[in-house]
Number of protein chains: 2
Amino acid sequence: MIAAAAEILDEEGIAGLSVRAIADRAKTSTIGVYSHFGGKKGVLNALYISGFEQLGASVEDVRRENTGASHERILLAIDAYLEFEARKPRLYALMFDAQGDRFQPDPEATRAARAAFVKLVAVFLAARPDWSRVHAARIAFESWALVHGLVMLRTHQTLKQSPAAWQRTVRSAARNYLFGAMNDRINRPK
Amino acid sequence: MIAAAAEILDEEGIAGLSVRAIADRAKTSTIGVYSHFGGKKGVLNALYISGFEQLGASVEDVRRENTGASHERILLAIDAYLEFEARKPRLYALMFDAQGDRFQPDPEATRAARAAFVKLVAVFLAARPDWSRVHAARIAFESWALVHGLVMLRTHQTLKQSPAAWQRTVRSAARNYLFGAMNDRINRPK
DNA sequence: TCATGATCATAACAACGTTATGGTTGAGTA
DNA sequence: TACTCAACCATAACGTTGTTATGATCATGA
């Protein structure tokens, strides 16, 4: 049933994700959504968790498979992040919905989001083992914010860029931030 | 009537913003929403436009009133941006809703968002008159992305920070990015 | 075999955005 | 002044949504 929901979300977006649509696609009646997931909110939570698990896994793949130059590793994690969003833009939008008044993830879903962030921090620590965990978490958080903000504003301002050019833009912005963060204590813009 | 809608949004969030609730608060019947705004979408568009106008105005105030050090001016614009979000978090969330499948702003609303961005670019140009318009727009866009991403992830990860500490975090991240951006052609993280 | 919990089909409910219907009001024109 | 027309309004009804209620079926364990 969660596969049915994921398909509908990918194809029609959140507006098409009604309890009846899910039940129809799963070839059951609406009561199944309630008995299996406790209702629509349960479906949204399951999708949310699935999204963060996928995102975390793609970031972790980068950490495991790459032992190159430290910042290139970070940029590859960012590439993986962008690739996930490009593949599943509607799932991404659900995961980062600004309207907390509509859907608030439950504690398990919140933990999945935190776990994905921890995996992102792990990439930063692998790239920069000289950083403290606190420092790496801060830089990871701010890098994530930059990339997430770019993703959101790209859609918001309806920017037209080829995927390759977009990737270059994001990488360049991230490199600028990282460079500044590395020189944080020495040079500060006046 | 738009004031009624704005009040409900501020108090109850998007989930409370129904056609009936707006009509009740405006002491009219629901038909008024349709004759004045063409329906609920029209109300959302009007709120969206109002939000970007307010945001643009607060950024423009900074440009007009400050002639200090160039980067401090940029950081003051960021402060104004954060202050707007802190004052109107639910309006901000409506303006930057990730779920385009639920509400897509109409062309006039999109223009209002663009106009606010142009005002932000103007702050960057005033701070750095040696920059080309294209370069300033790029740096403004990326700065905006960083700040917006930080705002979004703060809520998403339910970070607890005092307003003053939060402001310092955002300023620090923005300074790092700006420093990197200014040294873009000379030093690049490897 | 019986009891119980899980699952299911269906109908009904309340709330939602919207449309339909008929009425009122104000402005403009003959 | 009377008539017409457009704008606005109150109310009801419609179709859709998430949810609950009801009764039935099925599987499992004692």
Side-chain angles (χ1 to χ4, degrees), chain A residues 1-51 90-91 93-95 97-110, chain B residues 1-51 90-91 93-95 97-110:
Chain A
M1 192 175 288
I2 198 64
E7 279 173 25
I8 295 168
L9 181 64
D10 283 348
E11 292 168 14
E12 296 170 49
I14 196 70
L17 196 67
S18 69
V19 171
R20 286 170 178 82
I22 297 166
D24 285 347
R25 185 162 300 216
K27 299 186 165 38
T28 179
S29 67
T30 59
I31 196 68
V33 176
Y34 293 89
S35 50
H36 287 268
F37 294 97
K40 180 162 178 182
K41 188 173 190 291
V43 174
L44 296 177
N45 272 317
L47 290 170
Y48 187 102
I49 288 166
S50 166
R90 282 164 161 155
L91 181 56
L94 171 65
M95 290 151 65
D97 193 347
Q99 299 280 8
D101 297 317
R102 275 206 186 109
F103 166 63
Q104 196 72 355
D106 67 16
E108 186 194 349
T110 301
Chain B
M1 192 175 288
I2 198 65
E7 278 173 27
I8 294 167
L9 181 65
D10 283 348
E11 293 167 16
E12 296 169 50
I14 196 72
L17 196 67
S18 69
V19 171
R20 286 169 177 82
I22 297 167
D24 285 348
R25 183 159 304 211
K27 298 186 165 39
T28 181
S29 67
T30 60
I31 198 66
V33 177
Y34 293 90
S35 52
H36 288 267
F37 294 97
K40 181 162 177 182
K41 188 171 188 289
V43 174
L44 296 178
N45 273 316
L47 290 170
Y48 186 101
I49 288 167
S50 166
R90 280 161 162 158
L91 181 55
L94 170 64
M95 289 152 65
D97 193 346
Q99 298 281 5
D101 296 318
R102 273 205 186 108
F103 166 63
Q104 197 73 346
D106 66 16
E108 186 194 350
T110 301

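Since the model is a prediction, treat every value here as computed from it, not as a measurement. Protein chains get the first letters and strands the later ones, always in sequence-line order, with residue 1 at the start of each.
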Quickly work out the [X] [atom1] to [N] [atom2] distance and round it to whole Å.
X: A/I22; N: D/dT19; atom1: CD1; atom2: P; answer: 10 Å
X: B/Y34; N: D/dA13; atom1: OH; atom2: C1'; answer: 13 Å
X: A/K40; N: C/dA14; atom1: NZ; atom2: P; answer: 21 Å
X: A/L17; N: D/dG18; atom1: CG; atom2: C1'; answer: 12 Å
X: A/R102; N: D/dT17; atom1: CZ; atom2: P; answer: 15 Å
X: B/F37; N: D/dC8; atom1: CZ; atom2: C1'; answer: 14 Å
X: A/M1; N: C/dT7; atom1: CE; atom2: P; answer: 11 Å
X: A/I31; N: C/dT10; atom1: CD1; atom2: P; answer: 12 Å

Looking only at non-hydrogen atoms, find the nearest pair between A/T110 and A/Y48 and report the distance.
N-CE2, 4.4 Å
Of the non-hydrogen atoms in A/F37 and A/A46, which two are nearest, and what is the gap between them?
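For A/F37 and A/A46, the tightest heavy-atom pair comes out as CE2-CB, 3.9 Å.
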Show me, pair by pair, the donor-acceptor contacts under 3.5 angstrom made by side chains of residues 20-28 of chain A, not counting sequence neighbours?
residue : atom : partner : partner atom : Å
A/R25   : NH1  : A/E7    : OE1          : 2.8
A/R25   : NH1  : A/E11   : OE1          : 3.3
A/R25   : NH1  : A/E11   : OE2          : 3.3
A/R25   : NH2  : A/E11   : OE1          : 3.0

Do any side-chain nitrogens or oxygens of B/T28 fall under 4.0 Å of OP1 or OP2 in D/dA10?
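True: B/T28 side-chain N/O within range (under 4.0 Å) of D/dA10 OP1/OP2.
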Check whether any side-chain N or O of B/H36 sits under 4.0 Å from OP1 or OP2 of D/dA7, and answer yes or no.
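It does not, given that no N or O in the side chain of B/H36 lies less than 4.0 Å from OP1 or OP2 of D/dA7.
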Over all strands shown, is A/S29 touching base, sugar-phosphate only, or nothing at heavy-atom distances under 4.0 angstrom?
base
Return the 5'-most residue of the pair A/A15, B/G32 with respect to DNA chain D, ranking by each residue's nearest nucleotide.
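Counting from the 5' end, the first nearest nucleotide belongs to B/G32.
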Which one, D/dG18, D/dA12, C/dA9, comes nearest to the side chain of A/S18?
D/dG18
Between D/dC8, C/dC16, C/dT7, spot the one nearest the side chain of B/S35, thanks.
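My answer, after comparing the listed nucleotides, is D/dC8.
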Output yes when A/R102 and A/D97 qualify as a salt bridge under the 4.0 Å nitrogen-oxygen rule, no when they do not.
no
Where do A/I14 and A/R90 land on the side chain to side chain contact (heavy atoms under 4.5 Å, CB included) test, with the steps shown first?
CA-CA 8 Å; A/I14 196 70; A/R90 282 164 161 155; over 6 Å; no
